[in-house]
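The structure under discussion appears below in the form of structure tokens.
A, B, ... follow the sequence lines: proteins, then strands. Residue 1 opens every chain.
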Amino acid sequence: MMDIARLRQAGPYEWTLPPSAGEGGGEVRLFADAELLRGMDDKVLEQIRNVARLPGLVGAAMTMPDAHWGYGFPIGGVAAFDADAGGVVSAGGVGFDISCGIRCLRTDLSWEQLAPQRHHLADSLFREIPAGVGEEGRLRLSVRELEQVMRQGAHWAVAQGFGPADDLPYIEERGCVGGAEPDWVSDLAKKRQLGEMGTLGSGNHYLEVQVVDRIHDEAAAAAFGLRVGQVLVSIHCGSRGLGHQIGTDYLLLLAKSAASLGLTLPDRELACAPIRSDVGQHYLGAMNSAINCALANRQILAALTRGVLARYWPSARLDTLFDVSHNTCKVERHRVEGRERTLYVHRKGATRAFGPGHAGLPDAYQAVGQPVIIGGSMGTGSYILAGNPPEQNRAFASASHGAGRAMSRHQALKFWHGRQLVDELAARGILIRSGSLRGVAEEAPGAYKDVDRVAEVTEAAGLARRVAFLRPKICIKG
DNA sequence: ATGTTC
């Protein structure tokens with residue numbers, strides 16, 4: 001429970017934390033309403049204040065409406081640093097699941113067309129999409145091939161026959177981020193990934209078949225190709241063992257090197273290094289490699305999904321609406337107090353949300369802004385939103401990424417049982433397929449915040465505007 | 001999140 005008496009309300013959905021006497025540090029800004037804030041742990045405040053004390057911070061260290069406490073840096077946290085001002089890059093500010101994100105695919109099928117086959121489709125997807133901890137797929141890469149994945153991202157997957165090049169414009173960074181340096185990725189990290197390309201993973205990762213339930217913004221929905229009753233498929237996963245091992249390796253390395261680089265860490269878990277340092281550059285090279293791995297992974301999973309769908313509906317389309325990550329540090333240009341600056345924007349459990357006219361968006365979305373995906377908890381629902389211009393979004397083009405946990409996994413296991421949840425959801429017409437009933441219990445809808453409230457507050461705070469609400473029908477869990 | 005308590 002957060003004690004909101006410590007905060008100062010700066011706007012209807014915006015709060016600041018006045019610094020404690022003699023503490024110093026940069027500004028802290030929380031985007032939320034009082035109810036969402038009260039549901040957050042006080043640890044979120046402590047963590048975001050620690051972030052604000054790091055050198056070279058630009059603007060404020062911020063949290064999104066779905067924020068909760070994470071490893072060192074809050075999940076739902078956003079912070080931008082300027083390399084020229086001594087700014088840092090933080091492995092804790094990206095997290096272990098580097099470039100975890102969502103690929104949203106659009107079918108031309110209605111739920112009425114699909115519904116008669118829903119049980120078969122659920123079983124086929126569960127069989128064909130490798131899911132679960134340590135689960136390996138059919139691909140076995142050599143180290144050399146994996147290094148190509150790390151340099152080329154989704155372009156590598158397309159070149160291997162996993163989906164058309166038409167997908168690429170609809171992927172963040174057009175499917176491949178610059179700055180990847182596989183030489184700075186450990187042998188162990190590479191080894192862990194050789195059999196894990198094209199796999200979903202576990203925890204909050206999922207593949208969901210959804211139906212468009214409600215349109216909030218007709219013009220944006222038309223630009224995104226969405227209509228009520230249409231079936232979508234959303235794939236939520238990241239860079240698997242590779243990203244996790246890079247996170248593990250660099251958290252240790254950055255924590256050890258901090259003192260010699262003149263940094264005093266407010267929290268050891270907030271390990272970081274100056275952007276302009278060897279170790280900082282090495283982390284960025286490794287992290288960008290993991291981003292490309294995640295983009296390739298989701299491209300492969302999209303292709304596997306197309307294969308399954310084609311067995312039932314051979315002529316059905318499955319086009320990429322968008323693919324966006326929510327655990328990254330990206331180099332971006334932002335206007336700050338009238339001046340364009342190059343910033344290293346950390347988004348941990350926060351989605352990039354470029355507004356209309358941004359050069360990074362494909363032509364089809366220039367007028368309405370980037371599709372922003374809020375992936376809901378299992379069985380509740382998800383939202384597609386559209387990015388706002390910088391006058392409205394004052395969080396370096398960032399928005400909420402999901403419902404956000406309301407309680408820990410451990411706590412959730414005391415309240416729910418997997419079998420019971422699967423049965424309850426089936427009674428509501430939602431098919432869950434998972435190899436882990438324990439995992440299902442940890443992901444109980446009740447362990448998350450109210451996704452409707454998160455989406456509503458995200459819009460009210462100016463971060464993005466709601467376009468469509470999606471209702472889940474089939475969910476494949478790791 | 002995770003070769004889920006390196």
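- Contact of the A/H236 side chain with the A/L207 side chain is not registered, since no non-hydrogen atoms from C-beta on lie closer than 4.5 Å.
- Nucleic acid contact class of A/R409 (heavy atoms, under 4.0 Å, all strands): sugar-phosphate only.
- Atom pair A/E442:CD and B/dT4:C1' shows a separation of 8 Å (rounding to whole Å applied).
- Checking A/R103, A/R298, A/Q299 one by one against A/T320, the side chain to side chain donor-acceptor pair (under 3.5 Å) holds for a single residue, A/R103.
- Between the CG atom of A/L200 and the C1' atom of B/dT2 there is a distance of 14 Å, rounded to whole Å.
- Residue-level contact check: A/L188 touches the bases, meaning some heavy atom is under 4.0 Å from a base atom.
- Remark: A/R352 qualifies as a cation-pi partner of A/F354 under the 6.0 Å distance and 45° angle criteria applied to the six-membered ring.
- Residue A/E135 is classed as having no contact, given no heavy-atom separation below 4.0 Å to the nucleic acid.
- When rounded to the nearest whole Å, the span between NE2 of A/H205 and P of B/dT4 equals 16 Å.
- Atoms CG (A/L242) and C1' (B/dT2) sit 13 Å apart, rounded to a whole Å.
- The ring-ring contact (aromatic ring centres under 6.0 Å, His included) analysis of residues 271-305 of chain A, with sequence neighbours excluded, yields the pairs A/W184-A/H282, A/Y250-A/Y283.
- Atom CG in A/N327 sits about 13 Å away from atom C1' in B/dT2, given to the nearest Å.
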Which atom pairs, one a donor and one an acceptor, fall under 3.5 Å between side chains of residues 62-77 of chain A and the rest of the protein, sequence neighbours left out?
{"residue": "A/D66", "atom": "OD2", "partner": "A/H401", "partner atom": "N", "Å": "3.1"}
{"residue": "A/D66", "atom": "OD2", "partner": "A/H401", "partner atom": "ND1", "Å": "2.6"}
{"residue": "A/D66", "atom": "OD2", "partner": "A/G402", "partner atom": "N", "Å": "3.1"}

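- Distances shorter than 4.0 Å separate some side-chain N or O of A/S202 from OP1 or OP2 on B/dT2.
- Residue contacts shown for A/R240 are limited to sugar-phosphate atoms, with no base heavy atom under 4.0 Å away.
- Residue contacts shown for A/G201 are limited to sugar-phosphate atoms, with no base heavy atom under 4.0 Å away.
- Remark: C1' of B/dT2 and CD1 of A/I75 are 13 Å apart, rounded to the nearest angstrom.
- A straight line from CG of A/L413 to P of B/dT5 spans 12 Å, rounded to a whole angstrom.
- Taking atom CD on A/Q245 and atom C1' on B/dT2, their separation rounds to 9 Å, with Å as the unit.
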